[in-house]
Amino acid sequence: MGDDPKKQASAKQPKQPRKKSEPFCFFNRELSWLRFNERVLAQALDPSTPLLERVKFLAIFGSNLDEFFMIRVSGLRRQFLEGVLDLPPDGMTPAEQLGAVRKRLLPTLDQVSACWQKDLLPRLREAGIDVVPYDSVKDKHRSGLRRFFEREIFPILTPLAFDPGHPFPHISNLSLNLAIVLKDPRRGERFARLKVPGTFPRLLPVPNDDDEGLHKIGLKTHAPRRFLWFEEMIRANLDMLFPGYQVEESFLFRVTRDADIEIEEDEADDLLESIQEGIDRRRFGSVVRLEIEKDAPKRIRDILTRNLELAPYQVYSLDVPIGAADLMELCKTERPDLKDPPFQPAVPRDLVRGKPLVEAIRQRDLLLYHPYDSFVPVVDFLRQAANDPDVLAIKQTLYRVGGNSPIVEALMEARQQDKQVAVLVELKARFDEENNIGWARALESAGVHVVYGFVGLKTHAKVCMVIRREKGGIRRYVHLGTGNYNAGTAAVYGDFGLLTCDPDIGADASELFNSLTGYSRQQAYRRLLVAPGNLRQEILRRIHREVEQHVACGGGRLAFKLNALVDRECIQALYRASQAGVKVDLQVRGICCLCPGVPGVSENIRVTSVVGRFLEHARVFAFHNGGEEEVFLGSADLMPRNLDRRVEVLFPVLDPQIRASILENILPMHLRDNRRAFLLGSDGEYVRLTPQEGEEPVDSQQWLVDHRGTWHRR
């Protein structure tokens, strides 16, 4: 295959004319995502960020990029090979997108290498944390390292020869490998592949020069200061694996495979079993990327590309680090002086008086904003319900819950207390499928009613309902969130959670769960906006209402905070609002296909993105509504998948004081950020905002840390 997917396009698919309707008003989704990851990289490049936090952002950049290739690039590749003609709003063909992705990515990867080699590594060394080459280890320690290799590592290694008698071995997804060139005295050059096992840390702690003895090798040290790449340890001792051969060269490489699970749900008798089979198939997905050390000779690259059936444009020759996500291991080093200062999440005043949560919720709705507010009240909500004799039933959706989940433990405890417990576990939560299968089976074993959602739809809504018998009859207590029921991510993701016993929201939640667990074609709800039912139409209706009110009375304003803005119909509605004079403030953390600042189209739209210490994950939709402000929070971004192919919920903020807290404190602070925010231009590029002369510096996340527990208006 040729090295340019654009050149192959004519043989695979006819050239489609670009859309006539405002093609310049849509940014390409994939390129927008790459710009988002560049903003993540910007945090690693920022010298004002604590040193180990910079390393963390470099690792996140690498992890994000791995997933991008496994899902998005693999999808483009499939479209290209299958001749898909359904173009995105920007009009780029799959071949054009593949070429544009590579062109955009190459200089960014050079930045990553320079950031690590020329900036972070020297600064870490100055701070007493060093990642050293094997050659720099003193002789007195090398002998100990060799003994450690022989005793602990050698037995688990499996070198695989490649020649006419040995087929090319399978290379699993994201595994590190060494391509080894050997010299046979009788038969000349030979080639072998060795997989670097994942049973040891990628960055192996090794003794400092002044350490006596080798008791600190491996995992036995509590505060390592010196590290060696694990593959370097293996490289230095390859002679043990190939006695009688001379090891000439070795080169690190890694492949990325298509990891998107496709399940024919209509034909799947057992969805859980089908998902498990899909997870197993991931390791055999087609290869979409080969990463190899930059100094690897052409003949080695050719062997790999030929046997992996890759085009040259799928090959990325890199300086170290290959597999940058593994740099996260350095962040475990006990050096609080090189990290963000810790803080204690707040507990709202209404919850610190020792009363049961249901009593506090009966008095007023309660808003939590994690991680500034503690996630403990959410866990307590379920734990108290599990042991409350008046609680009859609990119903909940689970998308990503993490390991050792206190939420799942509380649900199983409720079942032990003879409550009726029904849980929808979304098995199709990408890359959490295996974890969710485990929880689903554990819940079923505890007697919980477990369902797996709709055929053809992911259930992404975050809803928990507790049904309680009280003097006045049955009362429903509901928690609705913008983020997952995951105590781990609640410490680093910015997400809202609302606790309420509003009767209409409770009735809506009941009907939603009936549709999730049984048979129901419920479309309209009293308070909730639900996808794929009425959510799209209600958002569009409210944007149109804002236009009408602005034309009649002026003062129109929309303020949305999202993870992604991709949906064509929603973007066009926002363009119409801008053309009518409505002021539109958008804060979109990730992908944004809307073009702001285009004369006659979007000059009244401002788009920012905040990337900082915490992952901005909350979704907020604020409508001025002629002074009768409406605010919705929820799980849905404005993307076709969220609006049409997922079960999503947006919920209204009905309490006037909570609504004022969001509209007067939280949302304006995010929109005013000029320390961690980037401004999107009409050319698709982002510029980091800085305080102008006389302008107050605003770091919205730091402000929320400093004011946690005080922005609740009471």
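In what follows, residues are counted from 1 in the order of the sequence shown. FYI, side chains are in, hydrogens and waters are out, and symmetry mates aren't considered; it's all heavy atoms of this structure.
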Side chains of [X] and [Y] only: does a donor on one sit below 3.5 Å from an acceptor on the other?
X	Y	result
Ser172	Lys195	yes
Asn173	Ser175	no
Glu616	Gln701	yes

Give the minimum heavy-atom separation between [X] and [Y], together with the two atoms involved.
X	Y	value
Val40	Asn64	CG2-ND2, 4.1 Å
Gly62	Ala324	CA-CB, 4.3 Å
Trp229	Pro321	CH2-CB, 4.0 Å
Pro185	Gly244	CD-O, 3.7 Å
Gly590	Ser32	O-OG, 4.2 Å
Met240	Phe154	O-CE1, 3.5 Å

Check the surroundings of atom CD in Gln117: do more than 12 heavy atoms from other residues, nucleotides or ligands lie under 6.0 Å from it?
->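 Yes, the 6.0 Å shell around CD holds more than 12 heavy atoms from other groups.
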CG of Asn404: more than 12 outside heavy atoms within 6.0 angstrom?
->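 Incorrect, the count does not exceed 12.
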Salt bridge or not for [X] and [Y], using N-O below 4.0 Å?
X	Y	value
Arg441	Glu444	no
Glu309	Arg77	no
Asp258	Arg289	no
Glu30	Arg104	no
Glu329	Arg202	no
Lys339	Glu334	no
Arg306	Asp302	no
Glu232	Arg235	yes

Is the gap between the ring centers of Tyr316 and Phe69 under 6.0 Å?
->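 Close enough - the centres of the two rings lie under 6.0 Å apart.
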Can you check whether [X] reaches [Y] side chain to side chain, under 4.5 Å on heavy atoms?
X	Y	answer
Asp46	Arg676	yes
Phe162	Asn307	yes
Asp184	Glu189	no
Arg125	Ile129	no
Val55	Leu124	yes
Phe149	Leu157	yes
Val492	Arg613	no
Ser136	Arg226	yes

Checking [X] side chain against [Y] main chain: does a donor-acceptor pair fall under 3.5 Å?
X	Y	value
Arg151	Arg146	no
Ser113	Asp110	no
Arg257	Val288	no
Ser74	Met70	yes
Asn563	Arg589	no
Thr333	Arg335	no
Arg54	Ala44	yes

Reference residue Arg193; test side chain to side chain contact (heavy atoms under 4.5 Å, CB included); the match among Ile303, Ile180, Leu178, Ile171 =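 Among Ile303, Ile180, Leu178, Ile171, the one that satisfies the side chain to side chain contact (heavy atoms under 4.5 Å, CB included) with Arg193 is Ile171.
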Parallel under 30°, tilted from 30 to 60°, perpendicular over 60°: which one fits the rings of Phe200 and Phe230?
->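 Geometry flag for Phe230 against Phe200: tilted rings.
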Just say parallel, tilted or perpendicular for the rings of His617 and Tyr493, cut-offs at 30° and 60°.
->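 Correct class here is tilted.
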Going through the checks in order, is the side-chain contact (heavy atoms from CB on, under 4.5 Å) test met by Phe191 and Leu182?
-> CA-CA 6 Å; Phe191 176 81; Leu182 303 166; over 6 Å; no
Just how far is it from atom [atom1] of [X] to atom [atom2] of [Y], taken to the nearest 0.5 Å?
X	Y	atom1	atom2	value
Ile292	Ser317	CD1	OG	6.5 Å
Leu106	Gln111	CG	CD	12.0 Å
Thr49	Leu338	OG1	CG	13.0 Å
Leu145	Asn237	CG	CG	8.0 Å
Ser609	Arg39	OG	CZ	3.5 Å
Leu327	Phe227	CG	CZ	11.0 Å

Please assess Glu249 against Arg299 for the test salt bridge (Lys or Arg N to Asp or Glu O under 4.0 Å), listing each intermediate value before the final yes or no.
-> CA-CA 12 Å; Glu249 300 172 294; Arg299 73 183 192 285; 3.0 Å; yes
Would you check, one step at a time, whether the test salt bridge (Lys or Arg N to Asp or Glu O under 4.0 Å) holds for Glu53 with Lys56?
-> CA-CA 5 Å; Glu53 302 296 336; Lys56 177 191 75 175; 2.9 Å; yes
Hey, mind stepping through Ile322 and Phe253 against side-chain contact (heavy atoms from CB on, under 4.5 Å) and telling me if it holds?
-> CA-CA 8 Å; Ile322 291 176; Phe253 73 95; 5.8 Å; no
Begin from the C-alpha positions of Leu203 and Val131 and carry the test side-chain contact (heavy atoms from CB on, under 4.5 Å) through to its verdict.
-> CA-CA 8 Å; Leu203 287 158; Val131 180; 3.9 Å; yes
Dump the intermediate steps for side-chain contact (heavy atoms from CB on, under 4.5 Å) on Phe61 and Thr108, then the final yes or no.
-> CA-CA 11 Å; Phe61 172 91; Thr108 306; 3.8 Å; yes
